[in-house]
Each structure stands twice: as C-alpha cells, then as structure tokens.
Amino acid sequence: MMGINLHMALRALLQNQLQTALTLCGMSVGVAMVVVVSGLGLGAQQRIEDQIESAGPTLITVRAGNYRPAAIVTSGQQDSSGGEPPEGTGSEESWNSWEEAESAAVAREQARAKTPVMDKYRTPADPLDSAELALIDGQVANVRAVAGTLSGNVTLDAGTGLPVRITRVAGFGEAWPEIRGWDLLAGRLPTASEHAAGAPLLLVSHDVAARLWPAGDALGQQLGLKGQTLTVVGVIRDTQGDGSSVIVPTIHLPLAMAQRLLGRSTYDEIIVRSASVGTTTQVAADIKLALRQLHALPDDTLDDFRVESQSVSAMPSMGMDPRLARAVHSNVVEFEQESWEEMAKSLRQAGRTFTLLLAAAAAVSLVVGGIGVMNIMLVSVAARTREIGLRMALGARMQDVMLQFLVEAVVLAAIGGLLGLLLGAGGLLVAEYGLAWATAISPTMLLAAIAMAVSTGVIFGYSPARRAASLDPVVALKAE
Amino acid sequence: MPVISLQNLKKVYKLGDNTVNALRGVSLDIEEGEFVAITGPSGSGKSTMMHILGCLDRPTEGHYLLNGNDVSNLSRDELADIRNRQIGFVFQGFNLLPRTTAAENVEVPLLYSRPVLPASERRARALEALRAMGLTDRAFHHPSQLSGGQQQRVAIARALVNRPTLILADEPTGNLDTATSIEVMRLLQELREKQKITIVLITHEPDIAAYGTRIIAVRDGIIISDKPNVPRRVSDEPEALPLAAVG
C-alpha cells in the first residue's frame with residue numbers, strides 16, 4: 001500500500017511541476033539553513049574546544065620521588081631521589097666553558113648511578129615502572145593517553161666528529177608523540193615493531209639537529225652510543241620543549257633502546273593526557289590516590305611521587321624557579337587549574353548558546369518551508385477535489401485519502417530536505433574553503449536535518465490531508 | 001431476495017433556514033438482473049436517490065437494504081467498503097484520472113480492496129476487465145488519447161473490475177453522441193443478460209431509458225410511475241453500427 005501511495009505522490013508532484021519546484025525551493029532553503037547553521041555552530045564549538053584544549057592544561061606529569069619544601073631551604077642541590085635531574089634552571093649558564101659543563105654533567109651522571117642517599121629530608125621513592133603505568137591506564141577514569149619515559153646522559157663514542165661529547169638520551173613509547181604534541185618536521189616516527197624491538201634509531205628536535213649537524217641534513221646521520229650505531233630517522237618540533245639543556249643535547253630513542261643504554265627498566269616520568277580540560281584536576285587527584293594505594297603509603301606519610309598538572313610545569317617557563325613553583329603548587333591547591341576549568345566551562349557554555357541561537361533562526365526558516373508545503377498541499381487538495389470524490393466513490397476510506405496526501409507532503413518535504421542537504425553541504429564548503437570559517441559536519445546532524453524535513457512534511461501536511469479525507473463524497477464528486 | 005429494497009426512504013437537506021425535502025417517502029424493490037431506468041426532470045430527487053443507492057449518502061429516514069443488509073446507518077468507512085465491493089459506478093463525465101493509463105484507472109478500486117491484492121494480480125484483473133470491453137490495445141493509453149466512447153468503456157471496466165452485484169450509471173451517455181450512446185447501452189444490456197448484473201440507470205432522456213427492463217419516473221421526491229418495459233434493442237436502431245466502427 002505504501003508503494004502505491006509513493007507512486008501516486010510522485011506522479012501528482014510531477015504533474016504540478018512549477019508548484020512542486022517552488023515548494024522544493026522553499027523547503028530546501030530551510031533545510032540548507034539548518035545544515036549550514038548547525039555546521040557553523042558545531043565548527044565554532046569545536047574551535048573553542050580546540051583552543052581550550054591547546055591552551056588549557058590536560059597534561060599531567062607523574063614523577064618518582066617527592067620534593068619537600070625543606071629542600072629549598074637546605075640547599076640548591078638537585079633532588080635525585082629517584083627522578084630525573086631537573087634541568088633548564090639558571091645554574092648551568094654559570095659554567096664558563098663547555099668542557100667544564102660537560103665534566104659537571106658527567107659527574108652528575110656518575111652520582112646518579114649510585115644508590116640514592118636517604119636522609120631525613122627525603123621520602124624514599126618507589127621507582128615508577130610498568131605497574132604504575134598500567135594502573136593509571138587501566139584504573140583512572142578520563143585518561144586519554146599515558147606514556148612513560150626515562151632519560152639520562154650518555155657519553156658518545158669517540159670519533160664521531162660531533163661538537164659534543166655527552167648526549168642526553170630520552171626514551172619514548174608509541175603514545176608519546178601524540179601526548180606531547182610533537183610535530184614531525186622531517187623523516188618519520190618509529191613503527192610499532194621498531195618500538196617493540198628497541199631499534200637503533202633516534203629522533204632529534206630541529207634545534208638539536210642544527211647544533212649537532214650544522215652543515216646540513218640530520219636525517220640519516222649516525223651516532224655511536226656504547227658501541228651501538230643509531231641512525232637519525234626523524235626531526236621533530238616539541239611544543240612543550242624537548243628537555244634539551246643548553247649544554248647537553250637530547251636525543252629521543254625508542255623506550256626499550258633507552259632502557260638498554262641506561263641500564264634501567266623504570267620510568268623517570270609518566271605523562272598523562274586527561275580526556276578534557278575539565279577533568280584534569282580530578283584525574284590528577286585520582287592518580288595520586290591510586291598510586292598511594294599501589295605504594296601502600298600510610299595516611300601520615302607524604303607521597304613518594306609528584307603529580308603535576310601542566311600549569312605548574314609551565315611556571316618555570318614563565319620565569320619562576322621550578323622549586324618555588326612546586327612550593328606554590330603544594331600550598332595553593334589547584335589554583336590555576338580550577339580557574340582554567342571555570343573559564344573552559346563558560347567558554348563552552350557560550351559556544352552552546354551561540355549554536356542554539358543560530359539553530360533557532362534556522363528552525364524559523366524550516367517553518368517557512370513547512371508553510372510552503374502546507375500551501376501546495378492545500379492547493380493540491382482543492383484542485384483535486386473531484387479526484388478525491390472519485391476515489392471515495394470507488395471505495396477509498398478516510399484513512400486511505402489521508403495517507404495519500406500525507407505521503408505526498410512527506411515525499412515533497414523529504415526531496416526538499418535532500419536538496420537542502422546538498423545545498424547546505426555546498427554552503428559549508430564555501431564557508432570552510434572560501435571564507436576560512438570553522439565548520440563541521442556530523443552524520444547525526446545530517447540525519448537530524450532529514451528527520452526535521454520529514455516531520456515538517458507530516459506536521460504541515462496533516463491539516464490539508466485531513467481536509468481531503470473529511471470531504472463529503474457527494475460534494476467532492478460534483479466539484480469542477 | 002431483492003438486490004435493492006427501499007422502505008419509505010426520506011431525505012431532508014437543510015440549507016440555511018430552508019429545509020429541502022429531496023425524497024419524501026420512496027419505497028421500491030429491485031430484483032437481481034433487472035435493468036431499471038430512473039427518469040425525472042432536474043430537481044425531481046433522482047440524483048439524491050442515486051447517491052443513497054450508491055451508498056455515497058445516508059437517508060434521513062427510512063431503510064435501505066442492499067443485498068438484504070440494512071446500510072442506512074453504517075459509518076463512512078463501512079459505506080466505503082460496500083461501495084468498493086458491491087457497487088460499480090459509471091459517471092456522466094467518465095471521471096477518469098488524467099495522465100494515468102487506462103489500466104491504472106481500472107485498477108483504482110482494487111487499491112482499496114481489503115485484503116490488498118498484489119500488484120501483478122491487480123494488473124491482471126484490470127487487463128481482463130479492459131479486454132471484456134474490447135480495449136486491450138488501449139490499455140496503456142491515457143484518457144486524453146481515447147475517444148469519448150472508449151473513455152466510457154474504460155469507466156465501465158473500472159466499475160466491473162471488483163465484480164459488483166450492482167452497477168449504478170448516472171447519465172452515462174450525457175457526454176456522448178448518439179452512436180456512441182447506443183454502443184454504451186448495448187454494453188450495459190449485455191452485462192445484464194450475460195452476467196446477471198443488476199443495473200440502475202439515471203437519465204432524463206426517454207430514448208435512453210427505453211433500454212431498461214423497467215422504467216421508474218420520479219417527481220418532487222416521490223415515485224409517480226413504475227412500469228415494466230420491453231427493452232429497446234440495438235438492432236432496432238436504424239443508425240446502428242458495428243462495434244469496430246464505434247469510437
């Protein structure tokens with residue numbers, strides 16, 4: 001029965017080509033408006049989201065060992081109870097020459113190799129290893145990605161002809177480039193199997209590449225480290241800073257390779273991306289709780305690890321001494337984080353309001369399209385009164401007539417809707433590539449637009465169809 | 001049992017403050033296989049009678065038994081089913097759907113049959129009905145490509161496609177020339193004689209009424225005469241033409 005109605009509807013619409021075409025215009029413009037507007041709204045929302053994400057803190061760093069404020073008072077010494085040697089502070093610049101700096105670095109490396117001395121100011125550290133990584137990955141909610149790293153200084157094999165003798169080796173896993181937001185400038189990233197095997201290859205940042213190979217292309221260059229020959233396969237830019245100091249250039253190796261070179265299987269640092277800006281504080285708190293449980297720390301004991309969100313990590317780069325930053329962070333709880341999350345929330349709210357406002361405007365144009373459908377249907381019912389009377393005389397029930405006209409309205413609206421989708425998609429492409437506006441198309445949105453078109457057909461087709469169905473057959477048969 | 005039995009049928013229309021007594025007590029029995037011609041001037045109530053007989057309208061008072069069932073008080077949809085299954089209509093203006101083939105026009109009543117017939121069955125029955133009307137080679141022509149006589153024969157095929165017991169013909173020759181009118185009347189006579197279909201014909205032309213087996217005259221809402229008639233034969237016509245030359 002539906003097939004017959006569809007057939008009849010298409011025939012009737014084809015018989016009134018001009019009216020049908022005009023109504024289709026109205027309907028498709030309405031639907032196109034909805035598509036364009038929601039595409040722009042969604043695009044704007046995504047752009048807001050991207051900006052929040054890129055500017056806002058979602059990065060959480062977990063380091064082994066804890067820093068106690070007392071250490072600031074006692075000395076300027078580095079905390080090496082289990083973590084990496086902090087870098088990037090002003091002290092290194094005070095060395096007079098590279099030789100001096102290098103020997104200091106060597107000394108530090110040697111000191112590091114020894115068992116950490118425990119004194120009353122330091123909390124003995126449980127090193128971070130795969131247990132912690134798995135725990136954060138598996139047990140903490142709203143974690144988008146987790147990766148671990150370890151780093152240490154390694155002396156280059158003799159005869160490399162490079163301007164440095166020591167390099168800082170940093171291991172990274174597969175998830176790391178995405179979490180850190182590395183841009184690959186040249187070459188490639190290691191493959192999954194190269195990661196698994198700890199292949200002898202390395203990545204350098206473009207700064208380091210320029211320092212080590214000032215003559216030219218870094219790709220394909222080789223380094224000798226502890227008897228192994230490593231090849232440069234990629235050059236990156238690390239938006240977070242690649243951890244290179246002025247003195248000791250950092251090279252990035254597959255984690256397994258770095259672990260072999262440094263003779264450790266633990267991580268210095270685990271970095272975590274939270275699912276979104278709004279969840280970072282919670283994720284950091286959850287990680288703390290989970291790690292305390294894993295390390296079986298009694299309630300009256302301090303953490304034997306540090307969990308820092310991005311804002312705190314960023315403080316040194318804003319000119320604050322990292323030790324002071326940590327002290328501030330431990331006292332002013334989640335200060336910056338909270339305000340960021342508030343801001344993100346209000347930005348998202350604004351985006352949603354903006355989209356809703358636009359959608360309301362689009363809905364109005366859809367209503368206008370619907371009125372067009374209603375108009376053509378009323379005209380059609382009036383013009384075909386005699387046909388309706390005939391169909392009734394031949395046995396059509398009220399519902400048959402009703403269905404016939406309703407299907408006609410819905411077919412009209414649906415065709416208009418499809419045309420509108422194409423028109424709207426075209427409009428969005430123009431906005432995206434012609435005007436460089438942020439746009440987004442989601443399948444849900446397209447389905448919703450079609451659904452709206454069809455329901456417009458039903459809503460605005462109902463009254464004319466009802467009018468047709470309730471005609472008196474005697475009167476309808478006499479109509480001209 | 002009569003096919004049609006009217007018992008003191010009355011119909012009152014209200015037009016504003018005026019009431020019009022279109023039918024003022026009509027009683028009538030029509031047996032199976034009769035060819036009844038109802039005549040009368042305009043305003044006599046014959047159209048109202050036709051609408052009630054066709055289950056398009058309901059009487060204000062009295063009873064209408066169609067094949068023994070009282071249909072005077074059925075709902076709109078029940079009446080629609082009765083029209084669909086038991087009554088075939090032939091109209092003055094043919095009432096074919098424009099830009100629709102003859103076969104599709106004939107299929108229309110089958111669209112509303114319950115249970116719904118499959119499309120192939122509908123098409124087969126429509127073509128069969130058209131064949132019976134001698135229109136096999138016109139089955140896929142649109143009404144605008146057919147002559148008046150051919151159009152009326154398509155309409156008769158449509159009336160017959162659902163195998164009704166009663167054919168109601170409302171001025172079926174009103175839009176046709178004499179030769180074609182005669183051809184249509186011959187077809188109706190054949191239906192009565194070969195298929196025992198009861199036919200009620202409404203006309204104001206005595207010439208056309210003469211083809212019936214019974215002539216009823218209506219005036220001012222009552223029956224003024226009801227006589228059996230020796231039907232006029234097509235062969236009586238001086239200008240009778242063979243079928244092939246018609247239309």
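Bear in mind that the values here come from a model prediction, so they are computed numbers and not experimental data. Every chain is numbered from 1 and lettered A, B, ... according to where its sequence line falls, protein lines coming before strand lines.
- Heavy-atom neighbours of B/R123 CZ from other residues, nucleotides or ligands within 6.0 Å: above the threshold of 12.
- Residues B/L166 and B/L66 are in side-chain contact: their nearest non-hydrogen atoms beyond the backbone lie under 4.5 Å apart.
- Within the 4.5 angstrom heavy-atom criterion, only side-chain atoms of B/E104, from C-beta onward, approach chain A.
- In this structure, chain B has heavy atoms under 4.5 Å from both the backbone and the side chain of A/R391.
- Using a 4.5 Å cut-off between heavy atoms, B/R76 touches chain A through its side chain atoms alone.
- By number of non-hydrogen pairs under 4.5 angstrom with chain B, the leading residue of A/G395, A/G389, A/P473 is A/G395.
- Residue contact with chain A, scored on non-hydrogen atoms closer than 4.5 Å, involves the side chain of B/R158 exclusively.
- No more than 12 heavy-atom neighbours from other residues, nucleotides or ligands sit within 6.0 angstrom of CD on B/E61.
- Counting only heavy atoms from C-beta outward, the side chains of A/M374 and A/S463 approach each other to under 4.5 Å.
- Two residues are said to be in side-chain contact when any heavy atoms from C-beta on lie closer than 4.5 Å; B/L191 and B/F35 fail this criterion.
- Residue A/A12: no heavy atom, backbone or side chain, is found under 4.5 Å from chain B.
- Of the listed residues (B/L56, B/D170, B/I167), just one forms a side-chain contact (heavy atoms from CB on, under 4.5 Å) with B/F89, and that residue is B/L56.
- When each of B/V108, B/I82, B/T100, B/L96 is checked for heavy-atom pairs under 4.5 Å with chain A, B/T100 comes out on top.
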